[in-house]
Protein chains: 2
Amino acid sequence: MPRADELSEAGRPVHARPRRLTASDRMATFHSRLRERGLKSTAPRDDIARVFFGLGRHISAEELFAEVKKVNQHVGYATIYRTLKLLKECDLVFERHFDEGQARYEVAGEHHHDHFICERCGKILEFENNDIERMQQAIASKLGVILTHHKMELYGLCADCRTAQ
Amino acid sequence: MPRADELSEAGRPVHARPRRLTASDRMATFHSRLRERGLKSTAPRDDIARVFFGLGRHISAEELFAEVKKVNQHVGYATIYRTLKLLKECDLVFERHFDEGQARYEVAGEHHHDHFICERCGKILEFENNDIERMQQAIASKLGVILTHHKMELYGLCADCRTAQ
DNA sequence: CTAGTTGCAAATGTTTTGCACAAAC
DNA sequence: GTTTGTGCAAAACATTTGCAACTAG
């Protein structure tokens with residue numbers, strides 16, 4: 001079984017790469033994108049965005065709501081959704097729909113990546129693979145279509161759950 | 001690094017291949033799978049399955065409900081969902097969740113394939129590509145995980161919508 | 001006969017919306 | 001002082017479930 005630092009290209013874990021943008025960088029971007037659009041910076045929006053950027057990846061609205069409550073008692077569920085929508089429009093957040101009922105939200109990073117989801121423990125691994133990206137473009141030209149985005153998700157058992165089972 | 005025109009099978013449309021199984025073949029399979037499990041064949045189940053196998057691909061529950069109503073006035077929505085669930089368990093139907101609110105259902109064929117979805121007109125194209133399948137396995141072993149299934153969806157503009165726009 | 005099935009209506013879970021009040025610019 | 005944003009409750013939406021009546025085996 002390969003160690004993380006041996007992985008060359010296929011499935012190189014994304015979190016191994018140093019992160020560029022800090023939470024405050026993202027907050028600043030959020031503020032300027034709001035201003036550009038004539039929208040307002042408010043306490044609830046800031047609280048939600050700050051908590052979101054501070055948390056890890058792949059958060060559900062429910063989880064975010066619970067975390068934001070710890071910081072600001074009286075934010076409503078609706079504002080969570082409205083702010084997530086705003087963050088998506090500002091290209092600061094991606095919305096993902098894995099094989100669950102609820103959406104998960106992810107801080108937009110610089111690099112595109114895809115996901116593996118463990119069906120037993122719910123763990124999500126990120127990886128990137130340029131060959132697959134290239135092949136998708138090849139498929140698109142054969143089909144005569146233009147791609148705007150894509151979704152590639154692998155489902156199965158992670159290393160831990162494979163042995164535990 | 002493979003160029004697009006070197007790819008043997010990139011994006012070969014699936015519907016070009018002759019189809020093996022007829023609707024009645026599938027009905028027969030449905031009946032025997034039900035019998036195996038000690039479940040009953042009933043008029044509502046048969047109507048739903050027959051209409052579904054007769055219709056094209058990628059049907060929503062809502063669309064199926066409307067079509068079944070034409071044949072059998074008094075089937076309920078619940079029975080549509082219950083029968084679709086049953087058909088999934090019998091490996092006769094796949095459930096897909098594209099970027100929409102509702103699920104779409106697809107007759108299970110012999111060959112695995114992936115999808116392109118046009119974001120403008122909703123058209124769905126199917127394609128298969130063994131290179132990508134192999135690459136997914138490579139990624140899985142690098143990550144140390146076991147795959148049970150995967151999802152690969154390309155989104156964009158189809159040939160028609162590309163020119164129309 | 002009896003276990004499995006149905007239709008209906010009500011419940012579910014997630015996300016969205018209407019609205020009166022409140023806060024930014 | 002407008003315009004935009006908020007919280008709440010209610011609505012929307014796709015899907016599931018409880019239940020009494022029904023039906024296939």
Side-chain angles (χ1 to χ4, degrees), chain A residues 27 30-52 58-66 68-69 71-90 93-105 122, chain B residues 27 30-52 58-90 93-105 122:
Chain A
M27 286 304 289
F30 187 35
H31 287 152
S32 61
R33 299 260 161 90
L34 286 175
R35 217 171 308 119
E36 281 167 24
R37 299 163 178 244
L39 302 178
K40 294 169 183 172
S41 289
T42 66
R45 277 180 187 168
D46 281 6
D47 291 337
I48 293 166
R50 199 178 317 102
V51 168
F52 182 74
H58 308 118
I59 306 298
S60 67
E62 190 184 6
E63 288 163 355
L64 182 57
F65 179 61
V68 171
K69 276 281 187 190
V71 164
N72 184 335
Q73 284 296 315
H74 53 89
V75 262
Y77 230 125
T79 306
I80 298 284
Y81 279 106
R82 285 190 275 231
T83 305
L84 283 170
K85 193 179 178 189
L86 212 45
L87 287 164
K88 279 189 286 176
E89 288 164 10
C90 294
V93 159
F94 289 132
E95 184 176 334
R96 308 272 182 200
H97 294 264
F98 300 132
D99 278 354
E100 304 171 293
Q102 51 186 2
R104 291 194 168 271
Y105 301 85
Chain B
M27 286 304 289
F30 187 34
H31 287 154
S32 61
R33 300 259 161 90
L34 286 176
R35 217 171 307 120
E36 280 168 22
R37 298 161 179 246
L39 302 177
K40 294 171 181 170
S41 289
T42 66
R45 277 179 188 169
D46 281 6
D47 290 338
I48 293 167
R50 199 178 317 104
V51 168
F52 181 74
H58 310 117
I59 306 299
S60 68
E62 190 184 6
E63 289 162 353
L64 182 56
F65 180 61
E67 290 297 319
V68 170
K69 276 280 188 189
K70 295 180 187 169
V71 165
N72 184 335
Q73 284 296 315
H74 53 89
V75 262
Y77 231 123
T79 306
I80 298 284
Y81 278 106
R82 285 190 276 230
T83 304
L84 282 169
K85 192 180 179 191
L86 212 46
L87 286 164
K88 278 189 286 175
E89 287 164 11
C90 293
V93 160
F94 289 132
E95 184 176 334
R96 308 270 181 202
H97 294 262
F98 300 132
D99 277 355
E100 303 172 293
Q102 51 186 0
R104 292 195 167 268
Y105 301 85

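Just so it is clear, the structure is predicted and the values come from calculations on it, not from any experiment. Residue numbers begin at 1 in each chain, while the letters A, B, ... track the order of the sequences.
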Enquirer: Grab the CG-C1' distance between B/Leu34 and D/dG25 for me, whole Å please.
Expert: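 These atoms are roughly 13 Å apart.
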Enquirer: Quick check: do A/Leu64 and A/Leu84 have side-chain heavy atoms less than 4.5 Å from each other?
Expert: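 Counting from C-beta outward, A/Leu64 and A/Leu84 do come under 4.5 Å.
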Enquirer: Using heavy atoms to find the nearest nucleotide of DNA chain C for A/Ala61 and A/Lys40 separately, return the residue whose nucleotide is more 5′.
Expert: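 Its nucleotide being nearer the 5' end, the pick is A/Ala61.
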Enquirer: Answer with base, sugar-phosphate or nothing: what part of the nucleic acid does B/Ala103 contact at a heavy-atom distance below 4.0 Å?
Expert: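 Result for B/Ala103 = sugar-phosphate.
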Enquirer: A/Asp46 has an atom CG; how far is it from atom P of D/dT4, in whole Å?
Expert: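 Going from CG in A/Asp46 over to P in D/dT4 covers 19 Å.
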Enquirer: Are A/Ser41 and C/dA24 close enough that a side-chain N or O sits under 4.0 Å from OP1 or OP2?
Expert: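 A/Ser41 to C/dA24 OP1/OP2: no side-chain N or O under 4.0 Å.
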Enquirer: Give a yes or no on whether A/Lys85 atom NZ has more than 12 heavy-atom contacts from other residues, nucleotides or ligands under 6.0 Å away.
Expert: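 Counting neighbours around NZ of A/Lys85, 12 or fewer heavy atoms of other residues, nucleotides or ligands fall under 6.0 Å, so no.
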Enquirer: Kindly indicate, with the supporting measurements, whether the criterion side-chain contact (heavy atoms from CB on, under 4.5 Å) is fulfilled by A/His31 and A/Asp46.
Expert: CA-CA 9 Å; A/His31 287 152; A/Asp46 281 6; 3.0 Å; yes
Enquirer: Please determine whether a side-chain nitrogen or oxygen atom of A/Arg45 lies at a distance below 4.0 Å from atom OP1 or OP2 of D/dT6.
Expert: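 For D/dT6, OP1/OP2 do have a side-chain N/O of A/Arg45 under 4.0 Å.
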Enquirer: Would you kindly give the CD-to-P distance between A/Glu63 and C/dT14, to the nearest whole Å?
Expert: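 In whole Å, C/dT14 P and A/Glu63 CD are 11 Å from each other.
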Enquirer: Tell me whether the OP1 or OP2 atom of C/dG7 has a side-chain N or O from B/Thr79 closer than 4.0 Å.
Expert: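 Yes.
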Enquirer: Are OP1 or OP2 of D/dT16 and a side-chain N or O of B/Tyr81 less than 4.0 angstrom apart?
Expert: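 Checking D/dT16 against B/Tyr81, no side-chain N or O comes under 4.0 Å of OP1 or OP2.
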Enquirer: Applying the salt bridge (Lys or Arg N to Asp or Glu O under 4.0 Å) test to A/Arg104, which of A/Glu95, A/Glu63, A/Glu62 qualifies?
Expert: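 When A/Glu95, A/Glu63, A/Glu62 are each tested with A/Arg104, the salt bridge (Lys or Arg N to Asp or Glu O under 4.0 Å) holds only for A/Glu63.
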Enquirer: When the distance from CG of B/Leu86 to P of D/dT16 is rounded to whole Å, what number comes out?
Expert: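 Roughly 13 Å, once rounded to whole Å.
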Enquirer: Should the heavy atoms of other residues, nucleotides or ligands under 6.0 Å from CD of B/Glu36 be counted, would the total exceed 12?
Expert: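 Buried by this count: over 12 neighbours within 6.0 Å.
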Enquirer: Could you give the CD-to-P distance, from A/Glu95 to C/dT16, as a whole number of Å?
Expert: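 The distance from CD of A/Glu95 to P of C/dT16 comes to 7 Å, rounded to the nearest Å.
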Enquirer: What integer distance in Å separates B/Phe65:CZ from D/dC13:P?
Expert: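 So the CZ-P distance, B/Phe65 to D/dC13, works out to 16 Å.
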Enquirer: From D/dT17, C/dG7, C/dT17, pick the nucleotide closest to the side chain of B/Ala78?
Expert: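 The closest nucleotide is D/dT17.
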Enquirer: Among D/dG5, C/dT15, C/dT5, which nucleotide sits nearest the side chain of B/Thr42?
Expert: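 So the nucleotide nearest the side chain must be C/dT5.
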Enquirer: Between atom CZ in A/Arg82 and atom P in D/dT6, what is the gap in whole Å?
Expert: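 Rounded to whole Å, this separation is 7 Å.
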Enquirer: What integer distance in Å separates A/Gln102:CD from D/dT15:C1'?
Expert: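 In whole Å, D/dT15 C1' and A/Gln102 CD are 15 Å from each other.
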